[in-house]
Amino acid sequence: MNLSQLQYAKAVADTFSFSRAAELCFVTQPTLSNAIVQLEEELGGRLFNRTTRKVSLTDFGIFLMPLIENVLLAQVNLKNQSRAFQNIEETQFRLGLSPLINSSLLTKVIEPFANRHPNFSFIFTELNLTDLYEQLADQKLDFAFAPRSSQYPNQSKLPFYEEELLYVVKKNSKRTVVSNLSLEDIADSTFLMVPNECGLANTTRELFKQKNLNLKEYSGKALSYQMLETWANLGIGATILPKSKVLSEDNSTQMIFDESGKPLMIDYEMVWNNKNSENTNFKEFIIHFKTIVPSIVGGIHQMDKFSTI
């Protein structure tokens with residue numbers, strides 16, 4: 001097992017496409033496919049279901065992917081800490097992430113800035129929202145990435161990206177498939193939730209509150225988005241997830257629309273402490289997010305619409 005194999009597996013999980021993953025990893029598709037086969041043989045199970053039309057994570061893959069992501073994140077932190085120790089002139093940015101953030105997208109939009117500033121390094125830390133904003137206020141973090149919130153008015157903010165919210169239920173459930181599915185259409189469902197440590201629970205509750213709809217919550221709580229999917233697939237209830245967090249195609253998923261026919265979205269933002277606004281390095285990074293990142297995000301989303309296996 002090597003880090004390249006883990007990186008290839010993570011890329012396929014992010015893109016649901018072997019060809020697109022090979023492009024992102026700058027290798028040929030046979031090279032990537034063979035590496036993943038070798039990884040699966042060593043781990044003792046298949047990570048992906050492969051057909052001519054789609055790629056999806058197996059239950060084994062869903063279970064192992066968070067562990068693979070942790071190994072890759074540890075590698076990044078190891079490199080950054082090593083460079084920081086050897087070069088005291090290096091500038092570090094400490095980034096705090098809600099678990100809802102698409103970390104793959106974040107690394108893509110940071111990459112051009114990092115290439116222009118080789119003396120800058122980035123330390124990623126995943127935190128629940130309470131700790132995230134406490135550490136930001138205490139200046140233990142430089143920037144935070146989280147779902148948009150009206151709380152914390154003393155922080156400066158910039159939009160990051162938005163993504164569709166999907167209604168997830170058991171595959172082949174008896175529920176009638178409705179075009180332009182609305183919240184009213186699914187309000188009779190019992191919804192599976194995670195604790196409100198990442199922002200997803202509050203986002204779901206706020207959507208129903210805005211429509212004056214009663215949200216029927218399942219009495220238990222899941223500790224991961226993967227478990228929400230597993231429970232939905234077992235028919236325990238339904239759930240609402242951001243598109244990037246839906247890993248398996250074993251469930252039935254539908255987009256949700258508002259009364260104007262637009263998909264319901266969850267918005268994410270970058271937040272920082274006003275005390276740091278005059279720091280030159282901070283200004284450069286903020287300018288990057290204000291001027292460059294929107295076009296990168298737009299380009300990635302456009303490519304995702306037309307990506308094929």
Side-chain angles (χ1 to χ4, degrees), residues 1-16 21 24-27 32 35-36 39 42-43 47-48 57 60-87 90-115 117-118 120-136 140-147 160-161 163 194 197-200 223-227 241-242 244-247 268 270-272 285 289 293 296-297 300:
M1 183 187 308
N2 57 55
L3 288 171
S4 293
Q5 292 171 332
L6 300 181
Q7 289 166 348
Y8 297 162
K10 177 66 166 59
V12 174
D14 287 340
T15 62
F16 298 103
L24 293 175
C25 295
F26 302 102
V27 295
L32 180 137
I36 290 179
L39 177 62
E42 184 171 354
L43 292 174
L47 298 173
F48 300 99
L57 281 163
F60 185 57
I62 292 172
F63 174 74
L64 287 184
M65 195 51 60
L67 303 178
I68 290 174
E69 291 174 349
N70 287 340
V71 172
L72 294 175
L73 185 59
Q75 179 206 17
V76 172
N77 284 335
L78 177 62
K79 286 183 177 180
N80 289 337
Q81 295 285 9
S82 175
R83 288 197 297 265
F85 181 83
Q86 297 177 62
N87 181 8
E90 185 177 66
T91 298
Q92 285 190 355
F93 283 143
R94 300 161 298 174
L95 309 183
L97 284 63
S98 157
L100 270 182
I101 288 293
N102 184 337
S103 56
S104 176
L105 177 61
L106 179 59
T107 56
K108 287 184 179 72
V109 301
I110 288 175
E111 186 176 9
F113 181 87
N115 290 338
H117 302 84
F120 284 36
S121 66
F122 299 89
I123 306 298
F124 294 82
T125 303
E126 188 176 86
L127 296 165
N128 63 50
L129 292 183
T130 300
D131 292 339
L132 192 70
Y133 285 102
E134 282 183 359
Q135 292 199 22
L136 191 67
K140 296 177 181 177
L141 291 174
D142 300 312
F143 294 93
F145 297 85
F160 181 14
Y161 70 100
E163 63 177 325
V194 289
E197 296 181 349
C198 62
L200 180 59
L223 290 180
S224 69
Y225 313 123
Q226 292 91 339
M227 190 55 66
L241 285 173
S244 67
K245 299 304 178 185
V246 177
L247 297 180
Y268 303 94
M270 179 178 80
V271 187
W272 65 95
F285 191 62
F289 255 81
V293 167
I296 298 176
V297 170
I300 290 173

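Only a predicted model underlies this, so the values are computations on that prediction, with no experimental measurement involved.
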Exercise. Quick one: are Pro99 and Glu197 in side-chain contact, heavy atoms under 4.5 Å?
Worked result: no
Exercise. Going by heavy atoms in the side chains, are Leu47 and Val12 under 4.5 Å from each other?
Worked result: no
For this session: For the residue pair Tyr133 and Leu127, establish whether any side-chain heavy-atom pair is separated by less than 4.5 Å.
Result: no
For this session: Look only at the side chain of Glu42 and the backbone of Leu39, and say whether a donor-acceptor pair between them is shorter than 3.5 Å.
Result: no
Problem set entry | Residue list, ring-ring contact (aromatic ring centres under 6.0 Å, His included) with Tyr8, at least two apart or on another chain | none
Problem set entry | Pairwise side-chain contact, Thr125 with Leu132, heavy-atom cut-off 4.5 Å (strictly under) | no
For this session: Indicate, with yes or no, if the rings of Phe143 and Phe160 have centres closer together than 6.0 Å.
Result: no
For this session: Please name all residues satisfying side-chain hydrogen bond (donor to acceptor under 3.5 Å, both in side chains) with Asn102, sequence neighbours left out, ordered by chain then number.
Result: none
Exercise. According to the interplanar angle, ranging from 0 to 90°, do the rings of Phe285 and Phe113 count as parallel (below 30°), tilted (30 to 60°) or perpendicular (above 60°)?
Worked result: perpendicular
Problem set entry | From Phe145 atom CZ to Leu105 atom CG, the distance as rounded to the nearest 0.5 Å | 10.0 Å
For this session: Say whether, by atom type as modelled, one donor and one acceptor occur between the side chain of Lys245 and the main chain of Gln226 under 3.5 angstrom.
Result: no
Problem set entry | Ser98 side chain to Cys198 backbone, donor-acceptor under 3.5 Å | yes
Exercise. Is there a side-chain contact between Arg94 and Gln135, using heavy atoms and a 4.5 Å cut-off?
Worked result: no
Problem set entry | Smallest separation among heavy atoms of Leu136 and Leu141, with atom names | CD1-O, 3.7 Å
For this session: For Glu163 and Ser244, indicate whether the former's side chain and the latter's backbone hold a donor-acceptor pair under 3.5 Å.
Result: yes
